[in-house]
**Student:** 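Just passing along the structure, written as structure tokens.
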Amino acid sequence: MIISSCKKAETTKNKIVEIPTPPKEIFEYGYNIKDYKVIHDTIKSGESFGVILDKYHVFYPKINQISISIKDVFDVRRIRAGKPYTILASKDSTEKAKIFIYKHNKIKATIVDFSDSIIKASIYKKSIKTVEKEVSGVIYSNLSNTMDSLHLSANLTYRIADIYAWTLDFYKLQKGDKFKFIYEEKFIDDTIFAGYGKVKAAVFKHKKRKLYAYRFIADSIKKIPEYYDDEGKMLRSVFLKSPIKFQYRISSKFNLNRRIKFYGYKRRPHRGTDFAAKIGTPIMTTASGTVVESKRRGGNGNYVKVKHNGTYSTQYLHMKSRKVKKGDYVKQGDIIGYVGMTGNTGGPHVCYRFWKYGKQVDPLKQKLPSAKPLKKSLKPKYLEFIKPLKEQLDAISPSENPVENTFVTENIPQNVIKK
Ligand SMILES: [Zn+2]
């Protein structure tokens, strides 16, 4: 915050004395604007600091002097076309610029004050008020439309989609799915909306399952927030290392150059990782998602394919039996079938296939999200932390958001951007 220290000589001679109510003093960026001629403008393409000041009757070498003396705070070469600025100029006939205010954004501005012989530059930040908000909604067509109908911006939709990117496939949300969020909105001067703050907690009710997400900072040094579910499991989860819990061995790795004796050493690429285990061993989905295929077909035998998000899917082959059907929502670690020998296989194993953008890749060589799960020692603290948030979420009354114009969007893919 800057406080103008300029002591101006009183030059006004003909003061008007008969004013019934004195004009309200309005301060902008710490300056009483009635003392100045105020010019609001936007930096045009190709316009430099010098060009702008010149326009308002400040000339070289004064411009150079200003640029040099403030360079530690503000590099005038970095002003950008399209940014708004304000000039406070003298009210007399010279209309000479005295103060230049460059607005980086709605909140931050740099103030260059050359009204005095001492030139000053400072950063001004408007005070921001954070207000906690609650919302609930019912999906009629897709999340974006529902958010629109609740007058929530796409920005918040993306944030939510990001939090749930590893838990929910937003293309698979269904009519009747419900959600509740606790989030923050920021306001400048109490009234001007300045964007969203934290999304503190959220819950989606999808296919009869309640999927909670709580923002929690586990790393007290790095202070990077992460989202966890009601059991402390991370939402932005890494894949499980194996679809089988224990007692397995990797009998064959992903290998595009595999040559097999039986086939006369011809190249027989293996686009999966084989986990050999006893018949009947449970097979888990390595990440949450929606079952997109569950059937028996040719060499695959009984298999299940799970779509996790717009990027990743996983597939599990040669099952003895399948426990899920197409369309089911499965959470990371859920059992989806049992190890068997169906299809083209020499022994009991699950062939685990990993799809990225529709192509099969080696899961062991993927750069996957690298978040650390919640430490066991932190879990009690976490559960304590989420208790009031859960109560608050559960207490939000279900909203009756208006039914959107579903006929418009019915057959158009949902416009939530996915990674
Ligand atoms: Zn295999």
Side-chain angles (χ1 to χ4, degrees), residues 165-167 169 172 237-370 419:
W166 289 93
T167 315
D169 183 347
K172 291 276 190 280
S237 72
V238 286
F239 286 87
L240 295 176
K241 286 213 166 53
S242 130
I244 289 169
K245 215 167 212 161
F246 42 76
Q247 292 192 313
Y248 65 83
R249 72 184 168 86
I250 293 175
S251 52
S252 177
K253 283 191 178 170
F254 185 95
N255 181 4
L256 294 176
N257 292 309
R258 182 174 68 165
R259 287 168 201 279
I260 293 176
K261 195 178 167 186
F262 180 80
Y263 298 110
Y265 296 102
K266 274 206 191 113
R267 220 160 65 104
R268 289 272 158 170
H270 184 220
R271 293 192 170 87
T273 309
D274 290 348
F275 292 83
K278 267 195 259 172
I279 286 191
T281 306
I283 299 167
M284 303 175 295
T285 177
T286 53
S288 303
T290 305
V291 175
V292 287
E293 286 172 46
S294 175
K295 56 182 158 197
R296 182 167 185 153
R297 193 181 65 200
N300 285 358
N302 273 315
Y303 76 97
V304 168
K305 190 169 180 182
V306 179
K307 188 185 172 201
H308 307 294
N309 52 34
T311 313
Y312 297 107
S313 301
T314 53
Q315 196 183 7
Y316 311 80
L317 275 51
H318 316 309
M319 290 177 173
K320 178 175 177 254
S321 57
R322 294 171 274 120
K323 217 195 154 202
V324 290
K325 56 183 193 307
K326 190 178 166 179
D328 283 355
Y329 174 79
V330 286
K331 259 187 121 175
Q332 183 179 58
D334 280 357
I335 294 165
I336 54 172
Y338 300 93
V339 172
M341 285 182 65
T342 56
N344 195 0
T345 166
H349 77 276
V350 53
C351 183
Y352 174 53
R353 296 186 169 201
F354 198 90
W355 299 74
K356 184 180 184 183
Y357 294 119
K359 255 184 80 181
Q360 297 192 59
V361 294
D362 185 353
L364 304 174
K365 289 189 179 141
Q366 296 308 302
K367 249 190 114 186
L368 295 165
S370 61
K419 285 185 194 164

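When a ligand or atom number is given, it counts from 1 through the structure's own listing order. Note that these values count all heavy atoms, side chains included, but never hydrogens, waters or copies made by symmetry.
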**Student:** Is atom NZ of Lys320 surrounded by more than 12 heavy atoms (other residues, nucleotides or ligands) closer than 6.0 Å?
**Tutor:**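 Not more than 12 within 6.0 Å, no.
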**Student:** Rounded to the nearest 0.5 Å, how far apart are CE of Met341 and CD1 of Ile279?
**Tutor:**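 If I round to the nearest 0.5 Å, the distance is 6.0 Å.
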**Student:** May I ask you to check whether His270 brings an N, O or S atom to under 2.8 Å from the Zn ion (ligand 1)?
**Tutor:**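 A backbone or side-chain N, O or S atom of His270 is under 2.8 Å from the Zn ion (ligand 1).
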**Student:** Between Tyr316 and Tyr303, does the ring centre distance come in under 6.0 Å?
**Tutor:**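 Ring centres of Tyr303 and Tyr316 not closer than 6.0 Å.
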**Student:** Taking both backbone and side-chain atoms into account, decide whether His349 has an N/O/S atom under 2.8 Å from the Zn ion (ligand 1).
**Tutor:**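 No.
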**Student:** Could you verify whether a donor N or O on one side chain and an acceptor N or O on the other, from His318 and Thr345, lie under 3.5 Å apart?
**Tutor:**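 Side-chain D/A pair, His318 to Thr345: absent.
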**Student:** For the Zn ion (ligand 1), find the closest N/O/S atom on Asp274 and give its atom name.
**Tutor:**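 The Asp274 atom nearest to the Zn ion (ligand 1), restricting to N, O or S, is OD1.
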